[in-house]
Amino acid sequence: MKTYRTGTHRTVSPEETLNKIQPHLAAMGITRLANVTGLDDIGIPVITACRPNAKAVAVSQGKGISVAAAKASAAMEAIETYHAEHIDLPMRFTNFTELSKSHTVVDVAQVPRMNVMPFSPETKRPWVAGKELESGAEVYVPYDLVHCDFTVPLPLVVVAFS
């Protein structure tokens, strides 16, 4: 339940969020939360979260009504990216047609697509199980839709989603 509503809607204050996540930042490669507010004329607090060894984006930004809110925003964005870089769930390498016979699969017509290659239900690709937010039911999604591991060599991915 949202209880904090000063400039944002959260379940806890930005300060409490920072206190909870602070002990975990180093494990996710976050080496610095830097205040870069003075680099523009607007004056809105802006913080960058630095992850020099990231597999994707090494700097995340957070903005907020206060420095604490901007820090929480930057740190949480970096944490989200870290987790998308380190997916350790089991994957299935198969095509949509076969997978959908035995498992619930995301409605591929409803997810973002790339113009690089059209989606084919017969093309094999990696799929990873997620959870549907309301029911908690297992739903398979294309791995290329959820990962952020852009190290070389790239994981075997058939690019159709963004």
Side-chain angles (χ1 to χ4, degrees), residues 1-5 8-14 16-30 33 47-64 69-162:
M1 182 167 101
K2 295 178 184 176
T3 58
Y4 182 86
R5 291 185 168 82
T8 184
H9 289 204
R10 298 178 176 270
T11 57
V12 297
S13 71
E16 189 173 342
T17 298
L18 288 167
N19 287 337
K20 286 181 178 181
I21 64 175
Q22 190 71 43
H24 308 286
L25 298 182
M28 291 178 274
I30 300 170
L33 295 174
I47 302 293
T48 60
C50 303
R51 292 187 320 118
N53 293 318
K55 295 180 179 184
V57 179
V59 178
S60 301
Q61 286 189 20
K63 281 94 34 207
K71 276 185 182 180
S73 176
M76 292 304 292
E77 183 176 301
I79 290 168
E80 289 167 5
T81 305
Y82 170 84
H83 285 291
E85 292 171 350
H86 297 87
I87 297 173
D88 60 357
L89 299 170
M91 282 190 262
R92 300 177 69 95
F93 188 75
T94 187
N95 65 45
F96 176 84
T97 303
E98 288 301 314
L99 186 61
S100 63
K101 288 178 184 176
S102 56
H103 295 83
T104 303
V105 183
V106 69
D107 180 357
V108 293
Q110 299 297 315
V111 297
R113 302 253 184 129
M114 299 207 37
N115 292 329
V116 178
M117 166 190 266
F119 174 75
S120 167
E122 301 306 320
T123 301
K124 288 187 172 184
R125 68 180 65 254
W127 297 83
V128 63
K131 290 199 186 249
E132 204 279 327
L133 289 177
E134 290 184 15
S135 69
E138 183 179 79
V139 178
Y140 276 83
V141 298
Y143 177 74
D144 55 319
L145 192 62
V146 297
H147 87 92
C148 281
D149 183 351
F150 300 117
T151 55
V152 176
L154 290 173
L156 180 59
V157 174
V158 180
V159 179
F161 303 99
S162 63

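The two residues Val105 and Ser100 have their closest heavy-atom pair at CG2-CA, 3.7 Å. Nearest approach of Ala74 to Ala49, heavy atoms of both residues: O-CB, 3.6 Å. Shown here for Gly62 and Ser73, the closest heavy-atom pair between the two residues is CA-OG, 3.4 Å. Taking both residues in full, the closest heavy atoms of Val57 and Val59 are given as CG1-O, 3.1 Å, listed atom of the first, atom of the second, then distance. Among all heavy-atom pairs drawn from Pro121 and Asn95, the shortest one is O-CB, 3.3 Å.
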Go through Ile30 and His24 one step at a time and tell me if the side chain to side chain contact (heavy atoms under 4.5 Å, CB included) criterion holds. CA-CA 9 Å; Ile30 300 170; His24 308 286; over 6 Å; no
Could you list the donor-acceptor pairs under 3.5 angstrom formed by side chains in residues 82-89, with sequence neighbours left out?
from: Glu85; atom 1: OE1; to: Arg51; atom 2: NH1; distance (Å): 3.0
from: Glu85; atom 1: OE1; to: Arg51; atom 2: NH2; distance (Å): 3.2
from: Glu85; atom 1: OE1; to: Lys55; atom 2: N; distance (Å): 3.4
from: Glu85; atom 1: OE2; to: Arg51; atom 2: NH2; distance (Å): 2.7
from: Glu85; atom 1: OE2; to: Lys55; atom 2: N; distance (Å): 3.1
from: Glu85; atom 1: OE2; to: Ala56; atom 2: N; distance (Å): 2.9
from: His86; atom 1: ND1; to: Tyr82; atom 2: O; distance (Å): 2.8

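Scored by the salt bridge (Lys or Arg N to Asp or Glu O under 4.0 Å) test, Lys20 finds Glu16 as partners (sequence neighbours excluded). When the side-chain contact (heavy atoms from CB on, under 4.5 Å) test is applied to Gln61, the partners found at least two apart in sequence or on another chain are Val46, Thr48, Lys63. When the side-chain contact (heavy atoms from CB on, under 4.5 Å) test is applied to Asn53, no partner is found at least two apart in sequence or on another chain. In terms of the side chain to side chain donor-acceptor pair (under 3.5 Å) criterion, residue partners of Thr97 (sequence neighbours excluded) are, by chain and number, Glu122. For Ala72, the side-chain contact (heavy atoms from CB on, under 4.5 Å) test picks out Arg10, Pro14, Thr17, Leu18, with sequence neighbours left out. Every residue meeting the salt bridge (Lys or Arg N to Asp or Glu O under 4.0 Å) condition with Lys101, not counting sequence neighbours, appears here in chain and number order: Glu98.
Using cut-offs of 30° and 60° on the angle between ring planes, the pair Phe150 and His147 is tilted. Classification of the Trp127-Phe96 ring pair by plane angle, with boundaries at 30° and 60°, yields tilted.
The distance from the CE atom of Met28 to the CD1 atom of Ile21 is 7.0 Å, given to the nearest 0.5 Å. Put simply, CD on Glu77 and CD1 on Ile47 are 13.0 Å apart, with the number rounded to the nearest 0.5 Å. Atom-to-atom distance recorded for Thr104:OG1 and Leu99:CG is 9.0 Å, nearest 0.5 angstrom. The distance from atom OG of Ser60 to atom CG of Leu33, rounded to the nearest 0.5 Å, is 10.0 Å.
Residue pairs meeting the side-chain hydrogen bond (donor to acceptor under 3.5 Å, both in side chains) criterion with at least one member in residues 129-140, sequence neighbours excluded, are Glu132-Ser135.
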